[in-house]
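Below, chain A is the first sequence line, B the second, and so on; all start at residue 1. The structure displayed is predicted, hence computed values, not measured ones.
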Amino acid sequence: MYARYFERNALGRTIADVRVLDARVVATRKLSTLRGRSFRKVRRHGKHLFADAGGVWLHLHFGMTGDLVAFRDDPPRFARVIFDFDDGAHLAYEDMRLFGVVDLTPSPEEFIRAHNLGPDPLEIRLPEFRRRIAGRRGRIKALLMSQDFLAGLGNLYADEALYRASIHPRRPANRLRDDEVRALFIAIRGVLREAIGFKSRGGDYPARYLVPHRIEGDRCPRCGGTIRRTIVAGRTTYFCGRHQR
DNA sequence: AGTACCACCTGACGGC
DNA sequence: TGCCGTCAGGTGGTAC
């Protein structure tokens, strides 16, 4: 979703200036080397966005409150970095809680290696998913959130995928049946692809999703069960007490 | 290998 | 009105 937005609002334009409004999200002092360059292509890997600026790549991570906002006149309230283009357009990287990162990296591959990121779920097939999950004894939700296992799922989407696959978040990964592993893989890909789709269109989560029902005691839109709230892997976790086993 | 816990940060919200 | 504690979330670190 950020990748598409970046493509629409930054690709092909010449960067006139990069303004750092809050250095706490910027992990390099060299963003100014982007001046005069232009972004040629965009790549996403998990939660990371990379933009090719010719010999160097811009890397963006959005933490939890990070976002991109194109604007003409007034920057958004929590703008931390602003890219000024020579055609008068501006793109703000905003991040209220400052957990995100704006960075430069030699290449996406280099970054992925350095940070030991697992594959993007949309770029692998079921056999590789099976191989990676085999022998892992931890709780399935903890595994789904581990970026070195798979890159791209956070707390909400891990819950969402497990909900869709009818799997209890505390199940040990190596005790999932073959059909459950398959269902989970399909659920992960479905959730990511759909989320990219409707978030790109500025939409919200459909009512059939678990996300709008992250309320203790709420009704499961799928089976009418009761939504439970608990802590798994240190994170607030919601699941349906009836259909997730 | 897996887990627990902390820090980072700020706005929203409930309690008093 | 306003202060205070708590919570939310991604990541990266430490300790067990």
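- Counting to the nearest Å, the P atom of B:dT10 and the CZ atom of A:Phe62 are 19 Å from each other.
- Listed pair A:His48 / C:dG10 fails the phosphate criterion, with no side-chain N or O lying under 4.0 Å from OP1 or OP2.
- To the nearest angstrom, P of B:dA1 lies 14 Å from CZ of A:Phe149.
- In the set C:dG12, B:dG11, B:dT3, C:dG12 carries the atom at the smallest distance from any side-chain atom of A:His115.
- One can place CG of A:Leu21 at 14 Å from P of B:dT10, the figure rounded to the nearest angstrom.
- Between A:Arg97 and C:dC7, a side-chain N or O to OP1/OP2 separation shorter than 4.0 Å is absent.
- Atom CD1 of A:Ile231 is separated from atom P of B:dC6 by 13 Å (rounded to the nearest Å).
- A salt bridge links A:Glu194 and A:Arg164; the closest N-O separation between the charged side-chain nitrogens and carboxylate oxygens is under 4.0 Å.
- In this structure, CG of A:Asn116 is placed 15 Å from C1' of C:dG13, rounded to the nearest angstrom.
- At most 12 non-hydrogen atoms from other residues, nucleotides or ligands lie less than 6.0 angstrom from CZ of A:Arg182.
- Nearest-nucleotide positions on DNA chain B place A:Leu143 closer to the 5' end than the other of A:Arg235 and A:Leu143.
- Across all strands, A:Arg229 comes closer than 4.0 Å only to sugar-phosphate atoms, never to a base (heavy-atom distances).
- Listed pair A:His61 / C:dT11 meets the phosphate criterion, a side-chain N or O lying under 4.0 Å from OP1 or OP2.
- Remark: A:Gln147 is not in phosphate contact with C:dG10, judged by side-chain N or O atoms under 4.0 Å from OP1 or OP2.
- Remark: the backbone N or O of A:Asn9 is paired with a side-chain donor or acceptor of A:Arg13 at under 3.5 angstrom.
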